[in-house]
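Take a look at the structure set out below.
Ligands are counted one by one from 1 in listed order, and the atoms in each one are counted from 1 as well. When reading the values below, keep in mind they use all heavy atoms of this one structure, side chains included, and skip hydrogens, waters and symmetry mates.
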Amino acid sequence: MQITHAFSLIFCATAILGNGAVAQYVKAGTPAVSVSYSGQTVTLSGLDYYIPPAVVSKLSSSVKVSGITGDLIPFTVISTADSVFTSAAFDKIVMDYKSKDDVFSDGFLGAVYIKYTGTKKPTIATGALTAIIKKYGSKTFLTSTNYKLSSSSKFSKDLPIGPYFLSLFTGEIHQAYRLYPDEQQAFLYGTIPTSSDSFGILNAHVKGAHTATVGVPSRLYYTKTTKQPLAGVRLAVKDIYDVKGLKTGCGNRAYYDLYPEKTKTAESVKRLVDAGVVVVGKVKTSQFANGESPTADWVDLHSPFNPRGDGYQIPSSSSSGSGAAMAAYPWLDLALGSDTGGSMRGPAGSNGLFGNRPTHGVVPLDNVMPLAGALDTPGIFARDAELWKAAGHVWYKGLKDFKTYPKKVVLPNEYWGAGVRAQPVFDEFAAKLASFLKGSVVNYNMTELWDAGKPAGFGTVGSLLGNAYPAIIAIDQIQKVVDPFYADYAAAHDGRLPFVNPVPLSRWAYGRSLPPTAYDEAIANKTIYMNWWNTQITKPDSKTCSDSIILYPQSAAGPSYRNVYRSAPGVPTGFSVGRISVFAEVPDVVVPIAELPYNSTITGKEEKLPVTVSLMAAKGCDLMLFNLIADLQKAKIISSVKTGSTMY
Ligand SMILES: *[C@@H]1O[C@H](CO)[C@@H](O)[C@H](O)[C@H]1NC(C)=O
Ligand SMILES: *[C@@H]1O[C@H](CO)[C@@H](O)[C@H](O)[C@H]1NC(C)=O
Ligand SMILES: *[C@@H]1O[C@H](CO)[C@@H](O)[C@H](O)[C@H]1NC(C)=O
């Protein structure tokens with residue numbers, strides 16, 4: 001095992017002053033000098049680990065191991081109630097740990113701590129230790145009968161099973177974090193908890209990696225309970241949500257530099273932390289959550305890499321980091337994003353994931369950077385419908401849970417059957433869904449329905465709403481984010497302007513060109529549409545929450561390369577199917593259903609890209625949709641997706 005000590009103050013002082021200067025500074029006897037220990041990076045049997053400074057437990061006596069002169073050793077805590085300890089039982093435990101956890105490895109078996117939870121006097125079966133030593137190279141066995149854990153109130157009473165690092169000198173026990181490089185450039189940084197409710201940037205770096213390093217604690221430490229149904233679930237957070245101890249950068253370097261670390265975690269994030277999730281890092285957002293394409297739009301940060309297909313497809317936007325990370329990393333379970341005009345659904349579609357835009361207003365968005373309060377929604381990405389459902393039930397806990405489903409599957413004619421290559425896949429899914437629901441597929445002509453049901457005196461949906469989205473987002477963001485940011489930046493930089501990427505700049509310029517009445521007018525237009533939709537299209541139902549489910553194609557395996565020079569940014573005007581849930585405030589969830597081949601101009605080979613479909617239902621029916629989709633996975637109509645180039 002190779003150990004690198006990382007004392008943060010020395011590292012930082014060395015960088016500024018050089019070694020000699022540090023020595024002089026210390027010699028001068030400045031009383032304010034303090035050295036804080038910020039953990040260690042170690043390599044164990046070829047795998048990279050981080051040992052956080054926090055001590056989670058302590059043996060009441062120090063440990064002597066013959067042949068080891070160092071301090072920290074990797075060790076594994078196992079728990080058994082068997083009064084006779086056998087090598088077969090040990091084999092089973094090791095197999096179980098390996099199947100459940102990516103942090104645990106054979107390297108931790110050199111020393112084993114056996115927690116005995118039985119009542120009879122424990123014994124070790126003849127030959128058991130010899131067999132274990134031979135198979136795993138274990139050298140040291142400590143038992144809870146010989147080595148008691150400290151009863152200090154500083155530590156929790158129980159030390160969960162799993163891999164740890166133990167100080168032979170002090171008996172202190174530290175958790176083990178496995179380190180991973182962020183190859184897709186989706187993260188800003190990895191995080192670790194620094195107190196019960198605060199986080200810090202992970203002070204570790206994987207050897208050779210040119211990108212961020214993310215650390216994950218062992219999955220074996222956590223047990224899911226009713227109170228903590230997401231215990232140990234690893235979560236990445238889009239960098240518009242405040243997390244105590246971390247800055248919120250919103251994809252802008254000047255903004256990141258200007259403001260200090262947050263002192264409060266957003267209620268929305270706290271809800272998930274309270275349910276047991278482990279926040280492993282902050283992921284990139286396109287600037288101020290506006291829609292940006294690689295590569296020219298992303299001036300301040302580099303756009304994350306979508307791992308699907310040839311690896312050079314756009315990851316969509318704005319929750320690009322969340323989507324790319326989820327599609328790429330098996331060590332990550334969930335990622336938070338947000339959807340104002342498609343920022344969840346776009347990345348879910350292009351990265352081939354489950355991802356949702358919830359009913360507007362179901363989770364408070366205090367301490368989250370707004371694009372437009374009237375339209376912003378918090379969503380969650382997953383690769384598995386069961387875990388997605390569990391997270392959805394925690395996050396949107398205010399909603400009523402429906403387990404009976406609508407029977408009517410609606411295909412809006414205007415947006416279905418556009419002749420895309422994936423159409424047979426969409427049609428097959430619609431048919432299977434209707435059959436699962438023991439219902440039927442119905443076609444709606446949205447134009448005719450609007451004409452028949454719209455309030456008197458109004459024209460087309462396009463004329464009502466075509467300009468509403470850009471007006472609402474630009475006017476709201478200028479007031480809540482841009483003006484305060486520019487003023488604060490100017491005050492701190494002698495009147496200077498901060499750098500801002502082309503897309504947000506063009507949208508804000510549009511916002512400033514509008515008359516002051518435009519915002520209220522746009523909201524009034526939105527309200528007209530919302531009332532029509534919610535009384536005439538997806539209607540509430542007392543048994544099934546929604547009278548129907550509306551389907552539309554989300555992504556159709558069409559390549560969209562990131563190495564393309566696109567036109568200068570314009571104003572996001574117009575109306576399309578993706579705007580329905582934005583204005584009607586209904587849930588709109590993306591489900592991966594297949595992948596289809598295309599000939600890649602990057603690799604010169606056939607590669608595969610995701611086909612995903614969107615499901616909408618009446619307002620407040622999010623939990624019904626989560627339940628339904630998990631049931632569709634159980635029924636094998638859809639399946640969970642894997643990470644990497646292909647989904648299945
Ligand atoms: C919807 O109805 C309108 C008016 O009847 C018609 O012109 C249009 O072609 C229909 N659209 C589709 C996609 O069926
Ligand atoms: C609101 O809708 C009317 C059409 O009914 C349209 O003329 C107007 O431009 C819309 N306003 C905004 C701000 O979108
Ligand atoms: C890829 O190109 C080959 C050769 O032209 C062709 O036979 C094949 O059908 C193409 N595949 C797709 C998915 O378009």
Could any protein non-hydrogen atom be found less than 4.0 Å from atom 14 (O) of ligand 1?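 Yes; the ligand atom in question has protein heavy-atom contact below 4.0 Å.
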Is there a protein heavy atom less than 4.0 Å away from atom 9 (O) of ligand 1?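 Given the 4.0 Å limit, the answer for atom 9 (O) of ligand 1 is no, no protein heavy atom qualifies.
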Under a 3.5 Å distance rule, please check whether Asp239 uses its side chain to pair with a backbone N or O of Gly249 as donor and acceptor.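 Flag set: sc Asp239 to bb Gly249 pair under 3.5 Å.
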Which of parallel (below 30°), tilted (30 to 60°) and perpendicular (above 60°) describes [X] and [Y]?
| X | Y | answer |
| --- | --- | --- |
| Trp388 | Phe626 | perpendicular |
| Phe305 | His302 | tilted |
| Trp450 | Tyr529 | tilted |
| Phe583 | Phe575 | parallel |

Can a non-hydrogen atom of Ala471 be found less than 4.0 Å from any atom of ligand 2?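 It does not, in that no heavy atom of Ala471 comes within the 4.0 Å cut-off of ligand 2.
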Show the atoms of ligand 2 that are less than 4.0 angstrom away from any heavy atom in [X].
| X | answer |
| --- | --- |
| Glu521 | 1 (C), 8 (C), 9 (O), 10 (C), 11 (N), 12 (C), 13 (C) |
| Asn467 | 14 (O) |
| Ala468 | 14 (O) |
| Ala518 | 13 (C) |

With backbone taken as N, CA, C and O and side chain as the heavy atoms from C-beta onward, which portion of [X] lies under 4.0 Å from ligand 2: side chain, backbone, both, or neither?
| X | result |
| --- | --- |
| Ala522 | both |
| Ser463 | backbone |
| Leu464 | both |

Is the closest N or O pair between Glu448 and ligand 1 shorter than 3.5 Å?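 Yes - when backbone and side-chain N and O of Glu448 are compared with those of ligand 1, one distance drops under 3.5 Å.
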In terms of residue, atom name and distance, what is the protein heavy atom nearest to [atom]?
| atom | result |
| --- | --- |
| atom 12 (C) of ligand 1 | Asn445 ND2, 3.6 Å |
| atom 5 (O) of ligand 2 | Phe458 CD2, 3.5 Å |
| atom 11 (N) of ligand 3 | Glu606 OE2, 2.7 Å |

Any side-chain donor-acceptor pair under 3.5 Å between Glu607 and Thr603?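 Judged by distance alone, the side chains do pair up.
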Just checking, any donor-acceptor pair under 3.5 angstrom between side chains of Tyr255 and Asp300?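 Judged by distance alone, the side chains do not pair up.
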Option of least heavy-atom distance to atom 1 (C) of ligand 2 (set: Ile472, Asn525, Thr460):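 Nearest heavy atom to atom 1 (C) of ligand 2 lies in Asn525.
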Taking the ring of Phe354 and the ring of Phe381, is the distance between their centroids below 6.0 Å?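 Distance test on ring centres: not under 6.0 Å, no.
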With atoms numbered from 1 as shown, which atoms in ligand 1 lie under 4.0 angstrom from a non-hydrogen atom of Asn413?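 The list of qualifying atoms is 12 (C), 13 (C), 14 (O).
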Geometric N/O contact Asn599 with ligand 3, under 3.5 angstrom: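 Between Asn599 and ligand 3 (N or O atoms, distance only) the closest approach is under 3.5 Å.
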N/O separation below 3.5 Å, Arg421 to ligand 3: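 Min N/O separation from ligand 3 is not below 3.5 Å for Arg421.
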List the steps and the verdict of ring-ring contact (aromatic ring centres under 6.0 Å, His included) for Tyr552 and Phe426. CA-CA 9 Å; Tyr552 72 90; Phe426 289 126; 9.7 Å; no
So do the side chains of Gln184 and Tyr329 get within less than 4.5 Å of each other, counting heavy atoms only?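 Sidechains of Tyr329 and Gln184: in contact.
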Atom CG in Asp483, atom CD in Gln477: separation rounded to 0.5 Å?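 If we round to the nearest 0.5 Å, Asp483:CG and Gln477:CD are 11.0 Å apart.
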